[in-house]
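So the structure is just underneath, and the comments pick up after that.
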Amino acid sequence: MSKKDNKVCARTKRIKRIRKKISGTSVCPRMRVFRSNRHIYVQIIDDTKQSTLLAMSTGDKDFNPEGLKGKCEQAEKVGQMVAERAQAAGIEKVVFDRGGNLYHGRIKALSDGARKGGLKF
């Protein structure tokens, strides 16, 4: 087994452990974050209906990265845009699911941006 396989297995275990405790409802949906090397993706999910209410990423057409330095600033901007879309859809409060990632860097910047945009965790 390679080192990479161990990292993937450990992250999968963290995701399962987090999902045992976190669940989204129609009143308070789950905000799930996925981070790749290049992009960051956010979904707001209603687990009772098993449906995605809205999604946003740095690869969307609406997202313009010009004038932003680095991935953390892009993540913060995505957080603010998700908060705007969520409020337009009538969502004010969410449960934050960091997706097995550590809460620092881009993940923290995204959640800070969502809070600045008006979402409550």
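Note that this is a predicted model, so its numbers are computed, not measured.
Taking all atoms of both residues into account, the shortest heavy-atom contact from Cys72 to Arg106 is SG-N, 3.9 Å. What you find for Met81 and Asp62 is that their closest heavy atoms are CE-O, 3.7 Å. Ser23 and Val95 get closest at one heavy-atom pair: O-CG2, 4.2 Å. Residues Thr58 and Phe63 come closest through the heavy atom pair O-CD2, 3.2 Å. Taking every heavy atom of both residues into account, Lys93 and Pro29 meet most closely at O-CD, 3.4 Å. In terms of heavy atoms, Ala114 sits closest to Ala83 at O-CB, 3.6 Å.
Once rounded to the nearest 0.5 Å, the distance linking NZ of Lys108 with CG of Asn101 reads 15.0 Å. Remark: Arg115 CZ to Phe96 CZ distance equals 7.5 Å, nearest 0.5 Å.
For the 3.5 Å distance criterion, the side chains of Ser57 and His39 fail to qualify, holding no donor opposite an acceptor.
Looking only at distances, a side-chain donor or acceptor of Asp97 sits under 3.5 Å from a matching main-chain atom of Gly99. A donor-acceptor pair is defined here as one N or O able to donate and one able to accept, closer than 3.5 Å; no such pair exists between the side chain of Lys71 and the backbone of Ile40.
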Residue pair Ile18, Arg98: steps toward the side chain to side chain contact (heavy atoms under 4.5 Å, CB included) verdict: CA-CA 9 Å; Ile18 290 168; Arg98 59 188 169 88; 3.8 Å; yes

Side chain to side chain contact (heavy atoms under 4.5 Å, CB included) between Phe121 and Met31, intermediate numbers included: CA-CA 9 Å; Phe121 296 163; Met31 185 167 127; 4.2 Å; yes

Worked check of salt bridge (Lys or Arg N to Asp or Glu O under 4.0 Å) between Lys116 and Asp112: CA-CA 6 Å; Lys116 285 180 187 176; Asp112 290 342; over 6 Å; no

Verdict with supporting geometry, Tyr41 and Ser36, side chain to side chain donor-acceptor pair (under 3.5 Å): CA-CA 8 Å; Tyr41 305 86; Ser36 71; 4.6 Å; no

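The local environment of CD in Glu92 is sparse, with at most 12 non-hydrogen atoms from other residues, nucleotides or ligands closer than 6.0 Å.
Between Gln74 and Val78, the closest side-chain pair of non-hydrogen atoms is not below 4.5 Å. Looking at Val8 and Arg11, their side chains never come closer than 4.5 Å, going by heavy atoms from C-beta outward.
Screening residues 14-25 for salt bridge (charged side-chain N to carboxylate O under 4.0 Å, His left out), with sequence neighbours left out, gives Arg19-Asp47.
Every residue meeting the side chain to side chain contact (heavy atoms under 4.5 Å, CB included) condition with Ala86, not counting sequence neighbours, appears here in chain and number order: Ile44, Leu54, Ile91, Leu119.
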